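Below is one structure, written out as structure tokens, with a few remarks after it.
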2 protein chains.
Amino acid sequence: MEDGFDFARLAAEIGDRPRTASEFVQRALRAAILDGRIPPGTPLRQEALAAAFDVSRMPVREALRQLEAQALLDFTPHKGAVVAEISAQDQADTYLIRRALEPVAFAQSIPHLTRDDLDRAEDLISDMDREPDHGRLGELNRRFHMSLYARAGSPKLVRLVERQLIEHDRYLRFHLAMLGRDRMSQDDHIAMVKAAAGRDITAAISVLQRHIDVAAEDSARFFN
Amino acid sequence: MEDGFDFARLAAEIGDRPRTASEFVQRALRAAILDGRIPPGTPLRQEALAAAFDVSRMPVREALRQLEAQALLDFTPHKGAVVAEISAQDQADTYLIRRALEPVAFAQSIPHLTRDDLDRAEDLISDMDREPDHGRLGELNRRFHMSLYARAGSPKLVRLVERQLIEHDRYLRFHLAMLGRDRMSQDDHIAMVKAAAGRDITAAISVLQRHIDVAAEDSARFFN
DNA sequence: AATCTCAAGATTGGATCCAATCAACGATTG
DNA sequence: CAATCGTTGATTGGATCCAATCTTGAGATT
């Protein structure tokens, strides 16, 4: 294992082993790529992965194909898979897409949010305050945002937004490392829930847009 | 082959056979799903596909995995792949996403469009007028739009837009069948190029938005 | 010294075989 | 007669083996 990364440890960290080995490998790799444990540019050797996960090369190959379709890997025929690079441009694009899509989802969702949805969102804000592990903050942040968009009634749009938030996780790491969690703008999160509870779409959207814009600016300043 | 679909003919239709069998199968299936030759809900049996394409089941499996990640198939462990359903809701979502993303890409692109880009766009408009095959119209329409967004300088955004346009092809079929090509709004296409040539971003965006809105309304009325 | 050639090793792509799971159907039992 | 439980065939998931391709490095050639 001269890759410089300990794949074997990774295998143990997935709690509930899914029904298929392929999915197991896919999840473990995806999580490790998203939170930066496997750095961009790392070549992924099928044999090494198979040994680390204690499966044959076939489920590994299927997992790699799926991750490629999710733009987390670059695949070249007969050469293999490499963890996709991250870049300031890619990060900026992610914010651009979020800025275009999330307000639409939020606006559609607000009228249909239930008291339960809003409570859950507030719980997630508290969870974020308490969570010590930076790696898990990305997931909590994502679930917070998604809880506000859940009632948008546009499943495809919501799935796409979730996908962007997941890809955003690759950059959130840097954001947190450089700015600290006090800059995660929990104030914005609170304001968003409040506006949503009051069914004030205009106010909610405006907070969300500013939230994304500020994050984009912060990140752009510190990335590279 | 009691599936009711002749996969064997499909195999012959891919001109330049790609380097890997997996990619070959993937392209053929994707094209057939997008233009409706394989209807939604069709179960895709690995063995049948392998026989039709004259390869083993393994490249078929890899192709299916990729198509699943592209949301063209629904995959259930130990049950297999089924062509993803289309629906009025899904179509509406596609327009919603396009409506949010394409104006951003267009606005960013306009200042950097070259004379060549604009000429190419105009050529594609003429091509659409001349193309007799409805199936190929989708590709031409997509290439027209993409030629206008090409200089946006946000590769990730542009890729995402292209993906939406590809998925839109699944519905364009119905659009054309019911409304005929005269309703493809070539006037809008011409107006978009003209506004882009004059670097009039406001006008260009407004035409594009109306273009998408009208298409969405037409489609919503006739689908189902 | 630089470049080209080509052979050996490494790595991926594909084929075949076996195991695990699911669906359908009939037998058994209350 | 309805419901449940095996059993069997069909289908997918996974392992192993072979073929094709790429990479690397030593040696020859200029």
Side-chain angles (χ1 to χ4, degrees), chain A residues 1-5 7-8 10-11 14 16-30 33 38 41-70 72-84, chain B residues 1-5 7-8 10-11 14 16-30 33 38 41-70 72-84:
Chain A
M1 196 85 38
E2 71 292 15
D3 269 315
F5 181 77
F7 290 108
L10 188 58
I14 298 291
D16 51 333
R17 187 154 183 151
R19 286 166 294 289
T20 67
S22 157
E23 194 181 338
F24 168 61
V25 174
Q26 200 250 18
R27 281 198 203 177
L29 281 180
R30 189 160 75 123
I33 292 171
I38 309 180
T42 309
L44 299 180
R45 302 283 157 228
Q46 300 177 359
E47 195 106 27
L49 291 171
F53 289 105
D54 196 34
V55 295
S56 84
R57 269 180 49 216
M58 161 143 348
V60 171
R61 279 164 63 175
E62 277 188 336
L64 294 179
R65 284 293 186 190
Q66 289 178 280
L67 294 169
E68 186 218 3
Q70 292 168 27
L72 292 180
L73 301 180
D74 288 334
F75 217 93
T76 314
H78 299 111
K79 283 202 53 178
V82 174
V83 177
Chain B
M1 196 82 42
E2 71 292 13
D3 269 313
F5 181 77
F7 290 108
L10 190 59
I14 298 292
D16 52 332
R17 188 155 182 151
R19 284 167 295 288
T20 67
S22 157
E23 194 181 336
F24 168 62
V25 174
Q26 200 250 19
R27 282 198 202 176
L29 281 180
R30 188 159 75 122
I33 292 170
I38 309 181
T42 308
L44 298 180
R45 302 287 157 223
Q46 299 177 0
E47 195 104 30
L49 291 171
F53 289 104
D54 195 33
V55 295
S56 84
R57 267 181 50 217
M58 162 144 342
V60 170
R61 279 164 64 176
E62 278 187 337
L64 294 179
R65 285 292 186 190
Q66 290 178 281
L67 293 169
E68 186 218 4
Q70 292 168 27
L72 292 180
L73 301 180
D74 287 335
F75 216 94
T76 314
H78 302 288
K79 284 202 52 180
V82 174
V83 177

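Lettering follows sequence order; numbering is per chain, from 1. Here the structure is a predicted model, which means the values were calculated and not measured. Basis for what follows: all heavy atoms, side chains included, without hydrogens, waters or symmetry-related copies.
- Along DNA chain D, the nucleotide closest to P77(A) and the one closest to E23(A) are compared, and the more 5′ of them pairs with E23(A).
- What separates CD of Q46(A) from P of dA10(C) is a distance of 16 Å, to the nearest Å.
- In this structure, D54(A) places its CG atom 20 Å from P of dG13(D), rounding to the nearest Å.
- For T20(A) (side chain) and E23(A) (main-chain N/O), a donor-acceptor pair under 3.5 Å exists by modelled atom type.
- Between the side chains of E68(A) and Q66(B), at least one donor N or O lies within less than 3.5 Å of an accepting N or O.
- Rounded to whole Å, the distance from CD on E47(A) to C1' on dG14(D) is 15 Å.
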Please report the C-alpha distance between S22(B) and R65(A) in whole Å, then the side-chain angles of each, then the deciding distance to 0.1 Å, and finally whether the side-chain contact (heavy atoms from CB on, under 4.5 Å) criterion is met. CA-CA 10 Å; S22(B) 157; R65(A) 284 293 186 190; 3.7 Å; yes

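- Spacing between atom CZ of R61(A) and atom P of dT16(D) amounts to 14 Å, rounded to whole angstrom units.
- Distance from the side chain of H78(B) is smallest to dC22(C) among dA15(C), dC22(C), dG14(D).
- Across the protein-nucleic acid pair, M58(A) atom CE and dT11(C) atom P stand 19 Å apart, rounded to whole Å.
- Nearer the 5' end of DNA chain D, as judged by each residue's closest nucleotide, is the contact made by S56(A), out of S56(A) and K79(A).
- Exactly one residue among T42(A), L44(A), L29(A), V82(A) makes a side-chain contact (heavy atoms from CB on, under 4.5 Å) with L73(A). That residue is L44(A).
- Atom CZ of R57(B) is separated from atom P of dT16(C) by 12 Å (rounded to the nearest Å).
- Following rounding to the nearest Å, R45(A) (CZ) and dT23(D) (P) show an atom-to-atom distance of 10 Å.
- For the pair E62(B) CD and dT12(C) P, the interatomic distance rounds to 12 Å; values are reported in whole Å.
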